[in-house]
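A quick write-up on the structure given underneath.
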Amino acid sequence: MSSLAVARKDFKDVRRAKTLWLVIGLLGLISGMLAYVFRGSTGTPDSEVVQNLFYSIAGINAILLPIVVLIATYLAIAGERDSGSIKFLLGLPNSRRDVVLGKLISRLGMVTVAVAVMFVVALIISLVRFAVFPIGVFVGIFAMTVLYGAVFVGVAVAVSALTSSRSRAVAGAVGTYFVSILVFFLPGINVRAIVRFLHEDLLGLGANIDLYQFVQYVSPFFAFQKALNLVLPERMQNDFFKGERASQATQGGQGAPGQEGYEAAVEAVDLPFYLTDEFGLVILAVWLVVPLALGYWRFERADLG
Amino acid sequence: MAAISTDGLTKRFGEDVLAVHDLDLTIEEGEIFGFLGPNGAGKSTTINVLLDFIRPTAGSAQVLGMDAQAQSREIRRNIGVLPEGFELYERLTAREHLEWVIETKDAADDPDEILQTVGLADDGDRAAGGYSTGMGQRLAFGMALVGDPDLLILDEPSSGLDPNGIQQMRRIIREQAEAGTTVFFSSHILSEVEAVCDRVGIMNQGELVTVDTIDGLREEYGGAATIELECAALPQSLAVHELPGVENVTVEGMTITAHCAAPEAKVDVVEHVAEHTDVLDILSTEASLEELFNSYTGGGRDGRPSQREEPADPEEVTA
């Protein structure tokens, strides 16, 4: 497998980059400090405190990990095109698919190492402090975080395959972060409101809450948080997308958390399949596969001069 | 079977740039072929098509009897490539570069032996980021030699090399050729092609202007020579260009320069001019392949089209 040879060489090359280790060290420091100061409200059992700790680390990663991964990966292929070293890579019996796959494998390895460092540091500190190890939640959140990182590795390798120079790759990486994450919760931009406007005012159609929620759901940022429900104990799960329906169903459409009947209404909401937690995995898979396929398709046809 | 053959190969970039136009080129097995031309002549574009880095707009290319596009991977298994304008992986050592190439080509070479061959034996464990241009070029050449390729494609191989390095590379190229390897290398420097090549092809502005052996080129240019006469005064009408064997005459200040097809014509020029005026100095030069090269390529990017060797134009001759 040539792609493995490409991956091995790339991994060997990148793991000697000091900046990479600096970033991984910083990530470890962040999660270590969080583990050191993290506490629950009085009376919370230690095991739950530690579970909450790992959930918080996932929350940090929801925003931070894409940045780290994009920065570490956006030059994977574009950088080699820019410097001309790709002529070695492709002067050898490697196909362009080997190059894309090899880079993907190597950078997936790297993001796994980075996430593992964060989780292991936090685990060691929490073991010292609380002497509990909630293995199920730990493994579940770890795996889901690696998957989330993998999505951005895929997108970044795709961006890198689509662009021919460093500057364009930078633009692609920044653009990716914007459309996949920032646009969904930057103040001033309300994707939901935009879709509602298009749907109701421009097209003159009736309100469709599920549609608006789904539009938010296409962000890997939300998909990750929803998919996390799959590995969390019930008490930690969040009720994305159920709240709006629950409030419509209680208190004459003005229901809010804590009010009578609200919790039961949340329980009773039956979301369409495309808003379920499981569908989060589908959305993450689409983010992983579609950009990569597009990047590979373009790269396969590009003139590398 | 030809080692390389192109058939009507054409590559256009965008609307305006015609990098290679209708190229028909055949390189026989076992020969050392020099691919000459000024910068931007289309040499690298041609090589990039052979390696499937870029795809032709029209026509096709075959390498070792295989289609350059459809069977590129198989081709690259059997050739060695020294690309142009590359950067090495700065954090990997020379040995690691070679090990990677050996692994990828599934070859049985010993990295140390290759380091020895290209003169990097003492630097094999240094990261390539600290290499000079010449050392990088040596390593890249070593990488091209891995797996005993049937064909070596070398794009401007001597750039950055010191005279020793150039000597060494020439020696290796000759050894490879003697062992049956076809060598195809591009250069914009004529002298280096002259020293090793069996045949040369000259590209200019995307077209192949000539293919010949070095000897053939010399013959074609004959014993052509140039003679410069510095005169005390310039008579009104000398009509030097009308002398038999004189191809071109230019006058600059008090100096008459005549390009002659044969050495004998030089004597006639001197005698003819001496009859009309005092000749103060004579400078006779034999035509070099360099001039020939320039005549085919119009001096490359730096040459004006008017400098191109053309039959004597009476309008130009005022003497």
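Order of the sequence lines fixes the chain letters, A, B, ..., with proteins taken first and strands second; residue numbering starts at 1 for each chain. When reading the values below, keep in mind they use all heavy atoms of this one structure, side chains included, and skip hydrogens, waters and symmetry mates.
The shortest distance between side-chain heavy atoms of Pro93(A) and Glu74(B) does not fall below 4.5 Å. Between Phe88(A) and Leu88(B), some side-chain heavy-atom pair lies under the 4.5 Å cut-off. Residues Asn94(A) and Thr104(B) are in side-chain contact: their nearest non-hydrogen atoms beyond the backbone lie under 4.5 Å apart.
Heavy-atom contacts from other residues, nucleotides or ligands closer than 6.0 Å to CZ of Arg97(A) number 12 or fewer. Within 6.0 Å of atom OH in Tyr36(A), 12 or fewer heavy atoms from other residues, nucleotides or ligands are found, so the atom counts as exposed in its surroundings. Around atom CD of Gln116(B), no more than 12 heavy atoms belonging to other residues, nucleotides or ligands sit under 6.0 Å away. No more than 12 heavy atoms of other residues, nucleotides or ligands lie within 6.0 Å of CZ in Arg298(A), so this atom counts as exposed by the packing criterion. Within 6.0 Å of atom CZ in Arg168(A), 12 or fewer heavy atoms from other residues, nucleotides or ligands are found, so the atom counts as exposed in its surroundings.
Heavy-atom pairs under 4.5 Å with chain A were tallied for Val81(B), Leu92(B), Leu82(B); the largest tally goes to Leu92(B). Of the residues considered (Leu90(A), Val14(A), Asp82(A)), Leu90(A) shows the highest number of contacts with chain B, using heavy-atom pairs under 4.5 Å. Chosen from Glu90(B), Glu96(B), Arg91(B), the residue pairing most often with chain A at heavy-atom distances under 4.5 Å is Arg91(B).
The NZ atom of Lys12(A) sits 11.5 Å away from the CH2 atom of Trp100(B) when rounded to the nearest 0.5 Å. For the atom pair CG (Asp106(B)) and CG (Leu92(A)), the distance works out to 12.5 Å, reported to the nearest 0.5 Å. Note that CZ of Arg96(A) is 8.0 Å distant from OG of Ser72(B), once rounded to the nearest 0.5 Å. Rounding to the nearest 0.5 Å gives a distance of 4.5 Å between CZ of Arg73(B) and OG of Ser95(A). Taken from NZ in Lys9(A) to NE2 in His97(B), the straight-line distance is 7.5 Å, to the nearest 0.5 Å. Taking CZ of Phe53(B) as the reference point, atom CG of Asp303(A) lies at 12.0 Å (rounded to 0.5 Å).
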- [ ] Apply salt bridge (charged side-chain N to carboxylate O under 4.0 Å, His left out) to Lys87(A) and Glu84(B), showing your working.
- [x] CA-CA 8 Å; Lys87(A) 292 176 181 173; Glu84(B) 186 228 351; 5.1 Å; no
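Heavy atoms of Ala302(A) lying under 4.5 Å from chain B belong exclusively to its backbone. Using a 4.5 Å cut-off between heavy atoms, Ala144(B) does not touch chain A at all.
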